[in-house]
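Worksheet for the structure shown next.
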Amino acid sequence: MKIKDKTILITGADGGIGKTISTMLVDAGARLIAVGHAEQGLAALVDSLPGDHVYVTADLSKPEGIQAVVDEVHNQGGIDVLINNAGVAPFGFLEQQSTAAISAQININLLAPMLLIQALLPMLKQRSEPAIVNMGSTFGSIGYSCYSAYSASKFGLRGFTEALRRELADTSIRLLYLAPRATLTPINNEQVIAMNQELGNKMDQPKVVAQHLIKLLQNDKACTRYIGWPEKLFVVINSVLPQVVDRALFKQLPVIRRFAQQ
Ligand SMILES: NC(=O)c1ccc[n+]([C@@H]2O[C@H](COP(=O)([O-])OP(=O)(O)OC[C@H]3O[C@@H](n4cnc5c(N)ncnc54)[C@H](OP(=O)(O)O)[C@@H]3O)[C@@H](O)[C@H]2O)c1
């Protein structure tokens, strides 16, 4: 698809990855509906971009937040592309995560994309080249220690994307899934960055993720992209020989535990 002149809604628009994607989409000629939590960050983002863009402040973990986004899409006369990018990823033992933190991960990372897609599908169907991008993760294919709730949310998002892609296969809507590996954004605190460095887990700049997203949108035949090597290989191995990945991750466990205890 051509990005020029498309109206694109992106959630988490003022986050580390969202901001970079927003800038690249506008550079490619898109008009944005930027969705996020914090008015200040969204206003600053929209002001910094050339062209005529709007923003919506919404808490996507709440039904009224979802409704505010849907209402604004109606006001703007619809969208061509929906990018479900907002997310949270608290690092820590399951036993130490509050019920609220676990619920938030499921609500923001999984339920919000499902509800937004459900509400916006009728409007997307009216467009000539509609597309939906769900921001997954390597942890949507490889369950990782101290990210159990997050992994569950991203496994769910991947399954939802696959099922809905099949359900909509006889329509013009493209259902896309992008799975970044660790990326240097505020979602990862200093502890996680230090842990990744010690474990030798590579971390990308947000620009890498944004470039992959643009390529995914532009390539009409593609539907899924995993970012990073050897993560891509581990995803395949984990699906056919999970015990090999169990063994590799077992060796990492003492280090992960040490950082999670801090
Ligand atoms: N960075 C990584 O290592 C990595 C790796 C794989 C996948 N991903 C995925 O990439 C996506 C973007 O993450 P990021 O790295 O850019 O993180 P980030 O910098 O923390 O950005 C996350 C964005 O989501 C927004 N958000 C969080 N909760 C929200 C809520 N309840 N309602 C509305 N907006 C909310 C945040 O707004 P506030 O900041 O105002 O709360 C922020 O704009 C996420 O889906 C994440 O799971 C990230």
Side-chain angles (χ1 to χ4, degrees), residues 9-24 32-46 55-69 72 82-91 100-101 103-116 133-142 144 146-147 149-158 160-161 176-193 195-197 199 201-210 212-213 216 225-228 231-232 235:
L9 187 154
I10 175 166
T11 66
D14 61 342
I17 291 173
K19 209 184 287 181
T20 315
I21 292 173
S22 298
T23 306
M24 280 197 196
L32 284 192
I33 302 179
V35 177
H37 236 170
E39 170 127 30
Q40 217 181 354
L42 290 172
L45 172 70
V46 165
Y55 66 84
V56 189
T57 312
D59 181 349
L60 294 172
S61 67
K62 304 220 163 89
E64 52 273 28
I66 303 288
Q67 194 55 50
V69 176
E72 187 57 30
L82 166 63
I83 303 176
N84 285 304
N85 166 69
V88 288
F91 167 70
S103 302
Q105 289 170 81
I106 301 302
N107 286 338
I108 299 163
N109 300 352
L110 176 58
L111 187 60
M114 292 170 70
L115 296 179
L116 278 178
V133 187
N134 288 332
M135 188 63 77
S137 167
T138 305
F139 295 171
S141 301
I142 299 176
Y144 202 81
C146 291
Y147 279 108
Y150 179 75
S151 297
S153 71
K154 294 293 185 179
F155 266 71
L157 187 64
R158 183 168 62 86
F160 171 73
T161 310
L176 309 174
Y177 179 82
L178 180 63
R181 64 179 171 188
T183 307
L184 284 158
T185 72
I187 213 169
N188 298 313
N189 59 23
E190 284 176 17
Q191 191 188 352
V192 172
I193 292 171
M195 179 186 76
N196 281 334
Q197 281 165 343
L199 291 171
N201 295 339
K202 289 186 191 142
M203 287 174 281
D204 290 318
Q205 292 295 335
K207 194 174 159 197
V208 172
V209 180
H212 277 276
L213 184 136
L216 185 58
R225 249 179 193 252
Y226 288 85
I227 302 176
E231 288 78 0
K232 279 184 209 180
V235 165

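Order of appearance sets the numbers: ligands from 1, and atoms from 1 within every ligand. For this chain, numbers begin at 1 and follow the sequence in order. Remember, predicted model here, so these are calculated numbers, not experimental data.
- Of all atoms in ligand 1, listed by their number and element, those nearer than 4.0 Å to a heavy atom of N188 are 1 (N), 2 (C), 3 (O).
- Judged purely by atom type and a 3.5 angstrom limit, N188 uses its side chain to pair as donor or acceptor with the backbone of T183.
- When non-hydrogen atoms are compared, ligand 1 lies under 4.0 Å from neither the backbone nor the side chain of M203.
- Counting heavy atoms under 4.0 Å from ligand 1, residue I108 touches it through the side chain alone.
- No donor-acceptor pair closer than 3.5 Å links the side chain of N84 to the backbone N or O of M135.
- Every atom of ligand 1 is numbered from 1 in the order shown, and the set under 4.0 Å from a heavy atom of A182 is 3 (O).
- Proximity of a side-chain donor or acceptor of S61 to a complementary backbone N or O of A104 within less than 3.5 Å is not detected.
- Remark: among candidates T183, D59, N134, V209, the nearest residue to atom 3 (O) of ligand 1 is T183, based on non-hydrogen atoms.
- Not one N or O on the side chain of T11 forms a donor-acceptor pair closer than 3.5 Å with the backbone of G36.
- Of the options A13, G140, G15, the smallest heavy-atom separation from atom 42 (C) of ligand 1 is shown by G15.
- Shown in contact with P180 at under 4.0 Å from a heavy atom are these atoms of ligand 1, numbered in order with element: 6 (C), 7 (C).
- Looking only at protein heavy atoms, the nearest one to atom 9 (C) of ligand 1 is M135 CG, 3.8 Å.
- Remark: side-chain polar atoms of R181 are not paired, donor with acceptor, to backbone N or O of G228 under 3.5 angstrom.
- Neither the backbone nor the side chain of A112 has any atom closer than 4.0 Å to an atom of ligand 1 (non-hydrogen atoms only).
- Considering backbone and side-chain atoms together, I17 places an N or O closer than 3.5 Å to an N or O of ligand 1.
- In this pair, Y150 and F139 present their aromatic rings perpendicular. The plane angle is above 60°, beyond the 30 to 60° band.
- Nearest protein neighbour of atom 33 (C) of ligand 1, counting heavy atoms only, is A58 O, 3.2 Å.
- In plain terms, the two heavy atoms of N85 and G18 that are nearest each other are ND2-CA, 3.5 Å.
- For atom 13 (O) of ligand 1, the nearest protein heavy atom (residue, atom name, distance) is I187 CD1, 3.9 Å.
- H37 CB, 3.8 Å is the protein heavy atom nearest to atom 37 (O) of ligand 1.
- With a 4.0 Å cut-off on non-hydrogen atoms, V35 does not touch ligand 1 at all.
- Within the 4.0 Å heavy-atom criterion, neither part of T138 lies near ligand 1.
- For atom 7 (C) of ligand 1, the closest non-hydrogen atom of the protein is G136 O, 3.2 Å.
- Y150 OH, 2.6 Å is the protein heavy atom nearest to atom 47 (O) of ligand 1.
- Nearest non-hydrogen protein atom to atom 19 (O) of ligand 1 is G16 N, 2.7 Å.
- Atom 22 (C) of ligand 1 has its closest protein heavy atom at G87 O, 3.6 Å.
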